[in-house]
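To start, the structure under review is shown below, and the notes come after it.
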Number of protein chains: 2
Amino acid sequence: METVPELACPIAPVVDLVFSRWTTPILWTLNEYGRQRFVELERRIGTITPKVLTQRLRQLERDGLVTRTYHPEVPPRVEYEISELGRSLAPIFHNLADWSKRNLAQVDEARSRYDENN
Amino acid sequence: METVPELACPIAPVVDLVFSRWTTPILWTLNEYGRQRFVELERRIGTITPKVLTQRLRQLERDGLVTRTYHPEVPPRVEYEISELGRSLAPIFHNLADWSKRNLAQVDEARSRYDENN
DNA sequence: GTAGTCACTTTCCTCTAGGTACCTACTAAC
DNA sequence: GTTAGTAGGTACCTAGAGGAAAGTGACTAC
């Protein structure tokens with residue numbers, strides 16, 4: 001009998017790692033469009049603020065899912081790339097996209113049904 | 001060029017659905033231990049409060065991932081069960097557990113390396 | 001007549017993630 | 001000399017999620 005929530009659910013740590021706020025769009029974009037600069041990420045994701053993007057990128061770098069390359073030029077140039085470890089998540093992302101395609105409509109139906117009956 | 005974050009990342013909706021706070025432990029527990037009552041869930045998950053458990057269960061029921069059965073007895077008895085739609089997520093959970101087993105150590109190593117170099 | 005069980009509900013409170021806005025150094029270009 | 005551009009950093013503020021604690025209703029057992 002464990003009181004620690006991590007042990008009640010073995011995937012809790014990886015969920016924290018991969019599916020915390022903003023990390024999915026960042027990893028997805030890096031995986032989809034390859035190595036790119038800070039502003040490119042910012043524009044592609046669209047609604048993220050630079051402060052939060054920096055925070056999340058630092059965290060992902062620390063976790064070894066993203067590689068940061070700093071070029072000391074003027075103006076400065078920094079490139080972000082998904083690491084090999086990060087790329088190993090691609091099949092899971094693919095599975096999720098697949099599940100989404102197949103079942104998201106059922107979720108919408110369930111919601112409509114639930115809302116009709118209050 | 002889309003500014004909507006959902007379109008920048010096709011799996012954003014399913015991430016919101018499945019990996020928002022507390023939903024993973026709940027779904028995992030229901031999938032692992034089968035149909036069970038409110039208090040059983042509460043005890044197994046351990047640190048969740050009744051208020052939040054109710055909220056999350058309602059949401060999962062609305063999304064069609066969980067089935068709720070109310071028995072009008074005294075004291076009242078309510079049973080929760082994972083739905084077929086919910087069960088279709090099991091392979092994804094399995095993949096995550098698998099990835100976790102294989103790669104979580106590398107994440108720890110990456111963190112140690114990062115923290116050493118400040 | 002009081003305590004206990006269950007599945008919540010309600011009220012109040014805290015805490016922190018995230019947003020806004022502004023600042024930084026450095027140089028080129030106008 | 002001022003404007004632009006990059007990759008952030010910093011200070012301040014707010015909304016909302018979530019926790020704590022107590023209440024509820026209906027019945028039973030003691």
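Order of the sequence lines fixes the chain letters, A, B, ..., with proteins taken first and strands second; residue numbering starts at 1 for each chain.
- What separates CG of A:D16 from C1' of C:dA17 is a distance of 14 Å, to the nearest Å.
- Ring geometry for A:F19 versus B:F19: interplanar angle under 30°, hence parallel rather than tilted (30 to 60°).
- Taking the ring axis of A:Y80 as reference, the NZ or CZ atom of A:R35 does not stay both within 45° of it and closer than 6.0 Å to the ring centre.
- Protein atom CD of A:E73 is 13 Å distant from nucleotide atom P of C:dT27, rounded to whole Å.
- Taking all atoms of both residues into account, the shortest heavy-atom contact from A:P50 to A:F38 is O-CZ, 3.7 Å.
- Read 5' to 3', the first and last nucleotides of DNA chain D with an atom closer than 4.0 Å to a heavy atom of chain A are D:dG5 to D:dA11.
- A heavy-atom distance below 4.5 Å is not found between the side chains of A:P91 and B:W99.
- Annotation for A:D63 and B:R111: closest pair OD1-NE, 2.6 Å, computed over non-hydrogen atoms.
- Between the OH atom of A:Y70 and the P atom of C:dA25 there is a distance of 14 Å, rounded to whole Å.
- For the pair A:P75 and B:T54, nearest-nucleotide mapping onto DNA chain C gives the more 5' position to B:T54.
- Look at B:R58 and you'll find a side-chain N or O under 4.0 angstrom from OP1 or OP2 of C:dT9.
- Taking both residues in full, the closest heavy atoms of B:I26 and B:L41 are given as O-CD2, 4.5 Å, listed atom of the first, atom of the second, then distance.
- Toward the 5' end of DNA chain D, the nearer of the two residues A:L57 and B:Q55, judged by each one's closest nucleotide, is A:L57.
- B:R68 has its CZ atom 16 Å from the P atom of C:dC6, to the nearest Å.
- A straight line from NZ of B:K51 to C1' of C:dT10 spans 9 Å, rounded to a whole angstrom.
- With rounding to whole Å, B:E79 atom CD is found 9 Å from C:dA7 atom P.
- For the pair B:I48 CD1 and C:dC8 C1', the computed distance is 13 Å after rounding to whole Å.
- Counting only heavy atoms from C-beta outward, the side chains of A:Q59 and A:L65 never approach each other to under 4.5 Å.
- Atom CD of A:E84 has 12 or fewer heavy atoms from other residues, nucleotides or ligands within 6.0 Å.
- The side-chain hydrogen bond (donor to acceptor under 3.5 Å, both in side chains) test with A:D98 is passed by exactly one of A:K101, A:H94, A:R102: A:R102.
- Over its full length, the helix from C:dG1-D:dC30 to C:dC30-D:dG1 turns its helical axis through 30°, comparing axes from the five pairs at each end and rounding to 10°.
- Here C:dA7 presents its P atom at 10 Å from NE2 of B:H71, a figure rounded to the nearest Å.
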